[in-house]
Amino acid sequence: MTPRLSLRDISKRYSAVVANDAVTFDVMPGEIVALLGENGAGKSTLMKIAYGVTRPDSGTIAIDGSAVDIDSPQRARALGIAMVFQQFALFDSLTVVENVALGLPVQSMRVVESELLQLASRHGLEIDPAQRIHDLSIGQRQRVEILRALMSAPRVLILDEPTSVLTPQAVDRLLKMLQQLAADNVSIVFISHKLDEIQRLATRCIVMRAGRVVAEVDPRAESEASLARLMLGSEPPVIAAHESARGDVALRVLKLSVQDVDAGRLLRDVSVDVHVGEIVGIAGISGNGQAELMAALAGEMRVKPDAVQLFGRRIGNLGPVQRRALGMRYVPEQRLGHGAIAHMSLAENALLTGESLSSSGFVHAAEARRYAERIVETFGVKGPGAAANVETLSGGNLQKYIAGREILHAPRVLLINQPTWGVDVGSAATIRNELIALRAAGCAIVVVSEDIDELFELADRLLVMADGRLSPSVRPREIGIPELGRWMAGRWPTLTAEPA
């Protein structure tokens with residue numbers, strides 16, 4: 001059978017970094033192929049070449065056996081190729097339906113909206129077509145990317161970490177949808193670091209390491225451990241044990257409410273205490289108030305002074321800089337634009353939250369460079385070095401850099417949203433172990449994540465956000481995933497106040 005998509009001897013170099021080294025890759029009609037590799041292995045670069053975003057230095061591409069020159073995403077779409085990006089390619093100032101329409105032939109916006117709503121309902125990816133992208137959470141943006149790709153009725157669908165910020169229920173629906181698409185003869189390339197999803201979905205797994213294909217296996221015949229070893233070339237790090245006693249209240253949230261219907265913001269009477277030496281995990285379906293809560297805690301949204309308290313001090317009316325001076329650090333869910341600036345170097349990005357690097361209060365360029373180098377070394381950030389621009393990093397490596405930038409400041413309180421989004425298993429273990437070490441050193445940590453396994457692995461206590469409300473807290477060992485799913489729908493038992 002002739003491959004639907006065939007890449008032959010694809011090579012791509014960025015300065016001293018070889019992203020792809022003579023990579024050959026095929027996907028057959030109706031086949032689901034997983035592309036597995038650690039952050040920086042070259043997976044996304046290879047697929048961006050297939051989609052026309054990046055031009056290869058050498059190699060050839062064929063569709064149904066005929067050589068093609070894919071010099072732009074428009075050309076790729078004309079050939080029946082669609083791609084869901086890990087770093088979302090959406091225009092923040094436009095609405096959902098306007099973003100979707102940009103990739104389609106010219107037609108009535110009303111028709112586009114109608115088809116979008118039908119598609120969203122059919123696949124359980126509901127979204128408001130009139131909402132502007134800048135008002136959406138990362139999970140909601142992920143849905144828009146997936147729906148936009150599906151609206152073009154592709155013959156080849158490339159998905160780069162499509163489930164990284166989806167809830168377990170949404171993941172199940174997406175995987176079933178992809179299986180149905182494959183049954184309808186759509187060829188699918190699935191990039192993921194979630195090994196269980198690869199085993200559930202793919203019939204063939206191509207493993208990349210350092211820009212090269214190092215193995216090709218049937219993932220259904222492998223264990224998660226063997227897939228991890230193939231990906232990393234070694235045993236993955238082990239998550240440290242982290243049982244310890246908690247201390248006094250570090251962060252107190254007291255009857256915090258936010259009502260801004262126009263911006264889609266809503267928090268309803270949220271109260272929670274986070275103690276010294278404790279990790280509190282917050283679960284929930286994207287768009288239920290998690291982003292607003294973190295913005296209020298980090299000082300990006302001002303609230304009543306006593307609604308947020310840090311070691312007994314009322315800080316609800318303080319901004320992010322003032323809160324950082326008091327020992328609070330924040331890792332936002334949106335990497336580019338919020339957590340880092342694409343056209344600035346890693347060293348320059350270290351300046352963004354680097355007030356405490358210098359005792360004089362002024363951060364020198366040399367200090368920032370040394371700090372950036374320390375982040376790169378500690379967290380295994382793969383790239384050209386501290387002088388390189390952020391935009392040269394893969395999504396997973398950028399996540400490691402931003403998380404590392406805040407963790408290495410040894411904060412008293414750390415807020416971290418989607419800590420291992422798009423990060424491979426080895427790097428995820430590194431980030432989680434650093435969080436556990438921070439906790440052991442007395443830091444109070446709030447983790448918002450849509451990776452339920454991550455929350456069960458990290459959190460001392462779990463809470464759920466639904467419709468702007470916060471559930472009572474529960475210890476992970478006291479609740480199962482099915483019940484947690486019911487809590488995500490807002491159906492939790494009425495309990496007494498937050499446990500002490």
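Every heavy atom of this structure was used, including side-chain atoms; hydrogens, water molecules and symmetry mates were not.
Judged as a salt bridge (charged side-chain N to carboxylate O under 4.0 Å, His left out), and not counting sequence neighbours, the contacts of Arg229 are Glu235.
Arg405 places a side-chain N or O within 3.5 Å of a backbone atom of Asn349 that can act as its donor or acceptor partner. Counting only distance, with no hydrogens or angles, the side chain of His193 and the backbone of Gly37 share a donor-acceptor pair below 3.5 Å. Under a 3.5 Å cut-off, the side chain of Gln199 and the backbone N or O of Glu222 do form a donor-acceptor pair. At least one donor-acceptor pair under 3.5 Å links the side chain of Arg143 to the backbone N or O of Glu126. The backbone N or O of Gly42 sits less than 3.5 Å from a side-chain atom of Asn20, completing a donor-acceptor pair. A side-chain donor-acceptor contact under 3.5 Å links Arg141 to the backbone of Leu136. Using a distance-only test at 3.5 Å, with no hydrogens or angles considered, a donor-acceptor pair links the side chain of Asn99 to the main chain of Phe91. In terms of modelled atom types and a separation under 3.5 Å, the side chain of Thr24 and the main chain of Asp9 share a donor-acceptor contact. Remark: side-chain polar atoms of Gln418 are paired, donor with acceptor, to backbone N or O of Glu450 under 3.5 angstrom. The backbone N or O of Val27 sits nowhere less than 3.5 Å from a side-chain atom of Ser187 that would complete a donor-acceptor pair.
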Q: Starting from the C-alpha separation in whole Å, work towards a yes-or-no answer on salt bridge (Lys or Arg N to Asp or Glu O under 4.0 Å) for Arg148 and Glu145.
A: CA-CA 5 Å; Arg148 182 169 66 170; Glu145 280 277 14; 3.3 Å; yes

Q: Report the C-alpha distance between Glu454 and Thr420 in whole Å, list the side-chain angles of each, state the deciding distance to 0.1 Å, and finish with yes or no for side chain to side chain donor-acceptor pair (under 3.5 Å).
A: CA-CA 9 Å; Glu454 176 167 74; Thr420 59; 2.4 Å; yes

(Q) I'd like to know whether Glu406 forms a side chain to side chain donor-acceptor pair (under 3.5 Å) with Thr353, so could you lay out the CA-CA distance, the side-chain angles of the two residues, the decisive distance to 0.1 Å, and finally the verdict. (A) CA-CA 8 Å; Glu406 305 309 314; Thr353 60; 2.6 Å; yes

Q: Assess whether side chain to side chain contact (heavy atoms under 4.5 Å, CB included) is satisfied between Ile49 and Ile61, documenting all intermediate values.
A: CA-CA 9 Å; Ile49 288 171; Ile61 303 174; 4.0 Å; yes

Q.
As a quick check of understanding, evaluate side chain to side chain contact (heavy atoms under 4.5 Å, CB included) for Ser11 and Ser58, giving each step before the final call.
A. CA-CA 5 Å; Ser11 292; Ser58 60; 3.4 Å; yes

Q: Before giving the answer on side chain to side chain contact (heavy atoms under 4.5 Å, CB included), spell out for Leu36 and Leu195 the whole-Å C-alpha distance, their side-chain angles and the decisive distance to 0.1 Å.
A: CA-CA 9 Å; Leu36 178 65; Leu195 304 178; 3.8 Å; yes

Q. Which is it for Val258 and Leu293 under the side chain to side chain contact (heavy atoms under 4.5 Å, CB included) test, yes or no, and what are the steps along the way?
A. CA-CA 9 Å; Val258 173; Leu293 175 62; over 6 Å; no

Q.
Working note: Thr2 + Asp64, criterion side chain to side chain donor-acceptor pair (under 3.5 Å); need CA distance, chi angles, decisive distance, verdict.
A. CA-CA 6 Å; Thr2 303; Asp64 295 324; over 6 Å; no

Q: Could you go through the salt bridge (Lys or Arg N to Asp or Glu O under 4.0 Å) check for Arg204 and Glu216 one step at a time?
A: CA-CA 7 Å; Arg204 189 160 56 97; Glu216 183 175 321; 3.2 Å; yes

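The minimum heavy-atom distance between Gly339 and Leu352, with the atom names listed, is O-CD1, 4.4 Å. Minimum interatomic distance between Pro129 and Leu117 (heavy atoms only, all atoms of both residues): CG-CD2, 3.5 Å. When all heavy atoms of Ala76 and Ala50 are compared, the pair lying nearest together is CB-O, 4.3 Å. Taking all atoms of both residues into account, the shortest heavy-atom contact from Met328 to Leu297 is SD-O, 3.1 Å. Ser192 and Thr163 get closest at one heavy-atom pair: OG-OG1, 4.5 Å. The shortest non-hydrogen separation linking Phe379 to Lys400 is O-CD, 3.3 Å.
Here the CD atom belonging to Gln142 is positioned 10.5 Å from the CG atom belonging to Leu147, to the nearest 0.5 angstrom. Residue Gln290 holds its CD atom at 8.0 Å from CD of Glu333, rounded to the nearest 0.5 Å. Rounding to the nearest 0.5 angstrom, the gap separating the CE atom in Met47 from the CG atom in Leu159 is 11.5 Å.
Considering only heavy atoms from C-beta on, Leu266 stays 4.5 Å or farther from Glu292 through its side chain. In this structure the side chain of Leu150 reaches within 4.5 angstrom of the side chain of Met177, judged on heavy atoms. Contact check for Val96 versus Leu116: side-chain heavy atoms found under the 4.5 Å cut-off. Two residues are said to be in side-chain contact when any heavy atoms from C-beta on lie closer than 4.5 Å; Leu119 and Glu115 fail this criterion. Residues Val112 and Val100 are in side-chain contact: their nearest non-hydrogen atoms beyond the backbone lie under 4.5 Å apart. The closest side-chain heavy-atom distance from Leu5 to Asp26 is not below 4.5 Å. Under the 4.5 Å side-chain criterion, counting only non-hydrogen atoms from C-beta, Leu94 is not in contact with Ile133. Inter-residue side-chain proximity for Ile279 and Val447 is flagged as met; some heavy-atom pair is nearer than 4.5 Å.
Of the charged side-chain nitrogens involved, none lies within less than 4.0 Å of a carboxylate oxygen, so that Asp453 and Lys194 do not count as a salt-bridged pair. Ion pair Asp218/Arg220 flagged as a salt bridge, since at least one NZ, NE, NH1 or NH2 atom sits closer than 4.0 Å to an Asp/Glu carboxylate oxygen. Asp467 and Arg268 are joined by a salt bridge, as a carboxylate oxygen and a charged side-chain nitrogen come within less than 4.0 angstrom of each other. Taking the charged nitrogens against the carboxylate oxygens, Arg155 and Asp184 have no contact shorter than 4.0 Å, which rules out a salt bridge. Salt-bridge annotation for Glu457 and Arg432: present, with a side-chain N of the basic residue lying under 4.0 Å from a carboxylate O of the acidic one. The existence of a salt bridge linking Glu197 and Arg200 is excluded, since no basic side-chain nitrogen approaches an acidic carboxylate oxygen closer than 4.0 Å. The pair Asp21-Lys12 fails the salt-bridge criterion, with no side-chain N (NZ, NE, NH1 or NH2) lying under 4.0 Å from an Asp/Glu carboxylate O.
Side-chain contact of Thr95 with Gln131: a donor-acceptor pair under 3.5 Å is absent, judged by distance alone. If you check the side chains of His338 and Glu300, you find a donor sitting under 3.5 Å from an acceptor. Checking Gln118 against Ser121 by side-chain atom types alone, no donor-acceptor pair falls below 3.5 Å. Thr430 and Asn433 share no donor-acceptor pair across their side chains, judged by distance under 3.5 Å alone. A donor-acceptor contact closer than 3.5 angstrom is absent between the side chains of Asn389 and Thr392.
Taking the ring centre of Trp492 as origin, the terminal cationic atom of Arg486 falls outside the region bounded by 6.0 Å and 45° from the ring axis.
Among residues at least two apart or in separate chains, side chain to side chain donor-acceptor pair (under 3.5 Å) pairs with a member in residues 71-83 are Tyr51-Arg77.
Checking each of Ile431, Ile407, Ile416, Val448 against Val331 for a side chain to side chain contact (heavy atoms under 4.5 Å, CB included) leaves exactly one that passes, namely Ile416. Exactly one of Leu90, Val53, Ile158 qualifies for a side chain to side chain contact (heavy atoms under 4.5 Å, CB included) with Phe85. That residue is Val53.
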